[in-house]
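Not measured: the values here are computed from a predicted model.
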Amino acid sequence: MIEARGLTRRYGNKVAVDDLSFSVRPGRVTGFLGPNGAGKSTTMRMILGLDRPTSGTVRVNGQAYHELDQPLRRIGALLDAKWVHPNRSARAHLRWLARTNRLPDRRVDEVLEAVGLAAVANRPAGGFSLGMSQRLGIATALLGDPEILMFDEPVNGLDPEGIRWIRGFMRDLAAQGRTVFVSSHLLSEMAQTAEDLVVIGRGKLISQCTTAEFIDNASESLVRVRTPQAEELRAALARADAEVRVEVETGALLVSGVTTQLVGEVAAAGGVVLHELAVERASLEQAFMRLTDDAVEYQTTALPAPELVTAGR
Amino acid sequence: MTLLAVERIKLFSTRSPWWCVVVAVGLTVGFTALMSGFANEQGTVTVGFTQFSYQFGLMVLMVMAVLAVTTEYRFGTIRTTFQTAPNRAAVLTAKALLVAVLAGVVALAAAFLSFWVSDLLATNSDLSLSGADAWRNVAGTGLVAFLAAVLSVAVGILLRQSAAAVTVVLVWPLLVEGLVSLIPRIGQDIQSWMPFVAAHHFLFGGQPDSAEAAMMMGMSDVPYGPWAGIAYFGAISVGLFVVAVITASRRDA
Ligand SMILES: Nc1ncnc2c1ncn2[C@@H]1O[C@H](COP(=O)(O)OP(=O)(O)OP(=O)(O)O)[C@@H](O)[C@H]1O
Ligand SMILES: [Mg+2]
């Protein structure tokens, strides 16, 4: 369980994290989603007690991080895979880490095995590829066998094989009943791994909900209709309580909040000829960009699309 | 204890401290051997003479102490360290203690080796380790190195940057403390209160050739005794270390 209450962090004039409150529930993968510079890494550093909040608190299992006894056994984290001395071997790196929290040396070999680095354990970490470094970082996080795991953009820069491996790994960890908190700036990435989402933009909370809810909200589906009798159809749809907009360039109608079936039936009842009837789903990334673009303004309102004009009900 | 063991693993699982140890001992003993060899004919080799080269080793050990901290900042392992052990004061104290003990032991070994090598080479001089002054001179290098390492760790913590911190710990004792004496009127008084001058006085003060030793370092006479000198040096080292620990505990890792 990770709980942030009113977490705020300023760097000079810049507010990197702004009055952020959220909680990460145990036993599932929670995605921490926000565009570049949203404050994800800053928040994670504050969770680990590395950066000091300007105000507010964040607690891990009800305790401030610095109160945790042997923190590696409570929460494991991968914030930056490059935080390794390049001349130290993977094994030596894990050994000193294990020693800080009185973990047996045997545990070092177990995690090396688990992330598939056993064969290169004695090679200097400076020579590792990005994928291998990322695996070493994950081994670091797993070292204390903690209930909570936190990863900052773990798939960044990895090839498809590495991405698939990490996704599978996170799902396995959650399936073992652990709490997994993982950040990303891609909604499509989170859609594949996370059950819950904490979404932030410009340091502020945009929403905390399940991934399914977020996607339903974020990617409003539209029915696109082309007809020579646009005025008649629009009036008929408005009577059926559908929201209708006109696409400026083509003159097509975009109807939200209804199914194609309903539009077809309304058209048939009014004797309107249809040239096109199709579902149009805004891409996840577009929807997410619009949501986070201006965190404050769009926090509670629906999603206006800039190229559309609203034609009333 | 755990933290000391961890710092030991960290320090010795990279190669640079080993190099520093070898170079520190090699430089100190090597220069002493050269000097003793050439000075043999005059038969003027004294205990103080066998220890003049301690500065070479000391500089190398201070660089080692600085790097023990700054490489952790450079490679980000300091964050991992603070993550595994959130009590930063305890972590940094363990690190300083370990590095200081290592520096002290190495300096001590270099000092006795220097004496022994001189004894072998300077056959015309009657060298013997007798009297408190002589012992303080040889064994005292260990204490000076210990405290200098604490000081260097503090500088490393405060500056976090290898190049800057190494420059400070080299330029300060080698240049600044020597050059302040050039300030008209007050220069010599200021110089007597420079930390490394005080440490130097602890080693060489009170010996028959101390005036000569002081001259070699470009030093003026100081208004305190040898033990006051090391106490002063220690107070400055520990004081700076406390400031560094408080700073590190307050700022972002
Ligand atoms: N140490 C710092 N000093 C000054 N500004 C900082 C510092 N760390 C972060 N920031 C600023 O705070 C904001 C949030 O940064 P942060 O790295 O937390 O974002 P992020 O969500 O992790 O972004 P990304 O997806 O690019 O990793 C950014 O505007 C960044 O420039
Ligand atoms: Mg980041």
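- Only the side chain of Arg88(B) comes within less than 4.5 Å of a heavy atom of chain A; its backbone N, CA, C and O stay farther away.
- Interface remark: Ala98(A) contributes no atoms to any contact with chain B (heavy atom separation under 4.5 Å).
- Chain B is approached within less than 4.5 Å, heavy atom to heavy atom, by Leu48(A), Gly49(A), Leu50(A), Asp51(A), Arg52(A) from residues 43-58 of chain A, ordered by number.
- Rounding to the nearest 0.5 angstrom, the gap separating the OG1 atom in Thr84(B) from the CZ atom in Arg99(A) is 13.0 Å.
- Here the CZ-CG distance, from Phe75(B) to Asn87(A), works out to 7.0 Å after rounding to the nearest 0.5 Å.
- Between Ile9(B) and His93(A), the closest side-chain pair of non-hydrogen atoms is not below 4.5 Å.
- Using a 4.5 Å cut-off between heavy atoms, Thr81(B) contacts chain A through both its backbone and its side chain.
- What you find for Thr77(B) and Trp83(A) is that their closest heavy atoms are CG2-O, 3.7 Å.
- By the 4.5 Å heavy-atom criterion applied to side chains, Thr80(B) and Trp96(A) are counted as neighbours.
- With rounding to the nearest 0.5 angstrom, the NE2 atom of His85(A) is 8.0 Å from the CZ atom of Arg74(B).
- Contact check for Arg102(A) versus Thr2(B): side-chain heavy atoms found under the 4.5 Å cut-off.
- With contacts defined as side-chain heavy-atom distances shorter than 4.5 Å, the pair His66(A)/Asn87(B) does not qualify.
- With rounding to the nearest 0.5 angstrom, the CZ atom of Arg91(A) is 13.0 Å from the OG atom of Ser13(B).
- Crowding of Gln63(A) atom CD: a count of heavy atoms from other residues, nucleotides or ligands under 6.0 Å exceeding 12.
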